[in-house]
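Keep in mind it's a predicted model, so treat the numbers as computed, not measured. Proteins get letters first, then strands, A, B, ... in listed order; numbering begins at 1 in each.
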Amino acid sequence: MKSRITSLIQDYLNSKEIDEKIQFSVEYPKQEEFGDYATNTAMILAKQLKRKPVDIAEELIEFLKDNEIFEKIEIAGPGFVNFYIKPQAILEEIKSIHKDHLSYFQPMVEHKKVQVEFVSANPTGPLHIGHGRGAAIGDSISRILKYSGFQVEKEYYINDAGLQMRMLGLSTFARYKQLLGIDENVPEDGYQGEYLVDIAKDMMVEYGDALLNKKEDEAISICQKKAQDVILNDIVKTLKEFRIEFDTFFKEKKLYDSNEVDNSIEYLKSKGYIYEQDGAVWFKTTAFGDDKDRVLKKSNGAYTYFASDIAYHKNKFLSRKFDTVIDIWGADHHGYVKRMKSAIEALGIDGGSLKVILVQIVNLLRGGKKVSMSTRRAQFIELKEVLEEVGVDAARFMFLSRSVDSHLDFDLELAKKQTSENPVYYAQYAYARIKNIFKQADCELKFDDADLNNLNTKEEIDLAKAVIKFKDFIKKATEELEPYFITKGVLAIAENLHKFYNRQKVIGSEFEKERLFLLDSVAKVIKLGFDLIGVEAKEKM
RNA sequence: GCGCCCGUAGCUCAGCUGGAUAGAGCAACGGACUUCUAAUCCGUAGGUCACACGUUCGAAUCGUGUCGGGCGCGCCA
């Protein structure tokens, strides 16, 4: 509907042979009395044509007024043009939605091959609530892009080559020794969590005290391998409970085994971006606007994470040929973005092909009071626990209810409450209400002879409008990679459904068939919205 | 010190490619259940859009500065 009006205005501009670059907008007015849609075209044109906005607006109205979809068109304020759409035109849209809602809401985009990389937590411990938000966002973005027609691959990157994994091995080995009565402390900067004790117990079952007879280095490697596998399995299991499954798990080690890290450095060297200084290998990221150059290989011969990350992204773009790569990182990594983009450009790839989404932190609250978290002492709330406590639907909805770059307060008590304070139930209840009506209506769902023009109450039309408007929410979510627009759109539909429900009867009413037709369409759209954020559309509550 | 994000109602947040009287949810207060589930609806109240200056016909929105909050700045990971 919006695009239809936009193109009608474009027709007007064309008829006036006006420069196509006019950036007019078609918006939803803030207030209901200003109509269904409004455009600022006249005001924008006024500047260029040096004419009064009101005169241009009148001309525009003259051009458009005979179109059948408009009830009336008015000039308002400084030169806005307000459009009032005929209910029949709105109900026509509902017919198309009912016929094929999936294609109705699909945004027009170029269908590219895109990779979404998210979570990517090192398998050194269980996922905590912060990972949960990144996971929900990454998964939802994937769903949205897939729906929009992109070819999407979800990937989890595992840093299994660095010092942290070594530390995991050391910590596990220390726990193992403790179990055997040896006085040994987990390293100060190691992993203190209790979960390593459990893993050490498994080691006991498997190896007895045999590891003590092996070379220490080998024993640590065995511990590391075991701990990594167990923890990763646990992470995968938690994610699965959270309704997230990855297409690929990519291991950092692979980049070293296949010499891709060295090759990448060689490649950059051939382009002249590499130099040696103080025994280390440097990458001239300042050539791309970074604050300073970065080390790829330390003077002790070890590679930095940046080195493998470059190889990793080279692999994504050049070997696997993704058109767009979306990396979802915690906000504390923002200092890394510039560096990574520099690397991409040095590889000859358009910097815009890499989209880094920085997810802001989650404040965990309980009854309004902050729950303190310390990663160091492993006193964090695990995602698993949160899911058990509040449920997957509430957790996902909560995570996706704010824009990505704003801090999120996650209140465990509130997420658990089945009251109006908790929006997830508000939305789910709307869907359940519709399904309940259908259950009781006991109809065959044959709508062939439904005459939608019988729907003329304000509640029915408003509900229909909210459904049509959902198209814009999907569009925005897709363009801005912001799943919270979906959440917002679903809530807007739910609101109108509840209003309708409170004032209009369906079963036994004069226009039962027509209303069922409308509600069937609404249910389809709510279901679509829920699918895009990974929340279950419950038939009964 | 430099860089990034942020400051809007009591709380949590929308709105930010400049446009109409700044919005929503929650909390508060007052109403509506012999009803297709009241997990809902209706109404009331609530604001110096941190502050200052600038650009503009027009600024919550753009620019500069100040104050306040968060985060990042290593041959760390």
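Comparing B:C73, B:A77, B:A38 by their closest approach to the side chain of A:Tyr336 singles out B:A77. Relative to the side chain of A:Ala280, the nucleotides B:C75, B:U40, B:C71 differ in distance, and B:C75 lies closest.
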#### Entry: Per-nucleotide pairing state of RNA chain B [Watson-Crick or G-U, under 3.5 Å; [ ] pseudoknot-crossing; | other strand]
(((((((..((((.....[...)))).(((((.......))))).....(((((..]....))))))))))))....

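Classification of the A:Tyr303-A:Tyr256 ring pair by plane angle, with boundaries at 30° and 60°, yields tilted. Between A:Tyr336 and A:Trp329, the two ring planes are perpendicular [angle over 60°; tilted spans 30° to 60°].
Aromatic pair A:Tyr312/A:Tyr157: ring centres closer than 6.0 Å.
Spacing of P atoms, B:C26 relative to B:C62, comes out at 30 Å, to the nearest Å. Across the P atoms, B:G63 and B:U55 are found 15 Å apart, a figure rounded to whole Å.
Among the atoms of the strands shown, base atoms are found under 4.0 Å from some heavy atom of A:Ala38. When heavy atoms are screened at a 4.0 angstrom cut-off, A:Asp291 is found touching no nucleic acid atom at all. Heavy atoms of A:Gln428 sit nowhere under 4.0 angstrom from any nucleic acid atom.
In this structure, CD of A:Glu480 is placed 10 Å from P of B:U17, rounded to the nearest angstrom. In this structure, A:Phe397 atom CZ and B:A39 atom P are separated by 18 Å, rounded to whole Å.
Side-chain atoms of A:Asn82 and A:Glu74 include no donor-acceptor pair closer than 3.5 Å. Residues A:Asp393 and A:Gln428 have side chains that bring a donor and an acceptor to within less than 3.5 angstrom of each other. In summary, the side chains of A:Ser7 and A:Gln10 do not present any donor paired with an acceptor at a separation below 3.5 Å, with no hydrogens or angles considered.
For A:Ser299 and B:C75, a side-chain-to-base donor-acceptor distance below 3.5 Å is present, hydrogens and geometry of angles not being considered. Side-chain N/O atoms of A:Asp309 and base N/O atoms of B:A77 include no donor-acceptor pair closer than 3.5 Å.
Enclosure of atom NZ in A:Lys465 by more than 12 non-hydrogen atoms of other residues, nucleotides or ligands within 6.0 angstrom is indicated. Within 6.0 Å of atom NZ in A:Lys225, 12 or fewer heavy atoms from other residues, nucleotides or ligands are found, so the atom counts as exposed in its surroundings.
Between A:Lys341 and A:Glu345 there is no salt bridge, since no side-chain N of the basic residue sits under 4.0 Å from a carboxylate O of the acidic one. A salt bridge is absent between A:Asp278 and A:Lys298: the closest approach of a Lys/Arg side-chain nitrogen to an acidic carboxylate oxygen does not fall below 4.0 angstrom. Under the 4.0 Å criterion applied to side-chain N and carboxylate O atoms, A:Lys253 and A:Asp257 are not assigned as salt-bridge partners.
Side-chain nitrogen and oxygen atoms of A:Tyr305 include none within less than 4.0 Å of the OP1 or OP2 phosphate oxygen of B:G74. OP1 or OP2 of B:C36 has not a single side-chain nitrogen or oxygen of A:Arg515 nearer than 4.0 Å. For the OP1/OP2 pair of B:C76 and a distance below 4.0 Å, the side-chain nitrogens and oxygens of A:Lys298 include at least one atom meeting the criterion. An OP1 or OP2 oxygen of B:U40 is reached within less than 4.0 angstrom by no side-chain nitrogen or oxygen of A:Tyr425.
For A:Ala432 and A:Lys297, each mapped to the nucleotide of RNA chain B holding its nearest heavy atom, the one lying further toward the 5' end belongs to A:Ala432. Positionally, the nearest nucleotide of RNA chain B for A:Asn82 lies more toward the 5' end than for the other of A:Lys292 and A:Asn82.
Of the residues in residues 496-507 of chain A, those placing a heavy atom less than 4.0 Å from an atom of RNA chain B are A:His498, A:Lys499, A:Tyr501, A:Asn502, A:Arg503, A:Gln504, A:Lys505, A:Val506, A:Ile507, in numerical order.
Against the 90° criterion about 0, the sugar-base torsion of B:C16 places it in the anti range.
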Can you give me the N/O atom pairs linking the protein to nucleotides 5-14 of chain B at distances under 3.5 Å, or say none if there are none?
{"unit_1": "B:U12", "atom_1": "O2'", "unit_2": "A:Arg402", "atom_2": "NE", "d": "3.4"}
{"unit_1": "B:U12", "atom_1": "O2'", "unit_2": "A:Arg402", "atom_2": "NH2", "d": "3.1"}
{"unit_1": "B:C13", "atom_1": "OP1", "unit_2": "A:His407", "atom_2": "O", "d": "2.6"}
{"unit_1": "B:C13", "atom_1": "O2'", "unit_2": "A:Arg402", "atom_2": "NH1", "d": "3.3"}
{"unit_1": "B:A14", "atom_1": "OP1", "unit_2": "A:Ser403", "atom_2": "OG", "d": "3.0"}
{"unit_1": "B:A14", "atom_1": "OP1", "unit_2": "A:Ser406", "atom_2": "OG", "d": "2.9"}
{"unit_1": "B:A14", "atom_1": "O3'", "unit_2": "A:Tyr484", "atom_2": "OH", "d": "2.8"}
{"unit_1": "B:A14", "atom_1": "O2'", "unit_2": "A:Lys488", "atom_2": "NZ", "d": "2.3"}

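Geometric assessment of A:Lys284 against the ring of A:Tyr273 yields a negative cation-pi assignment under the 6.0 Å and 45° thresholds.
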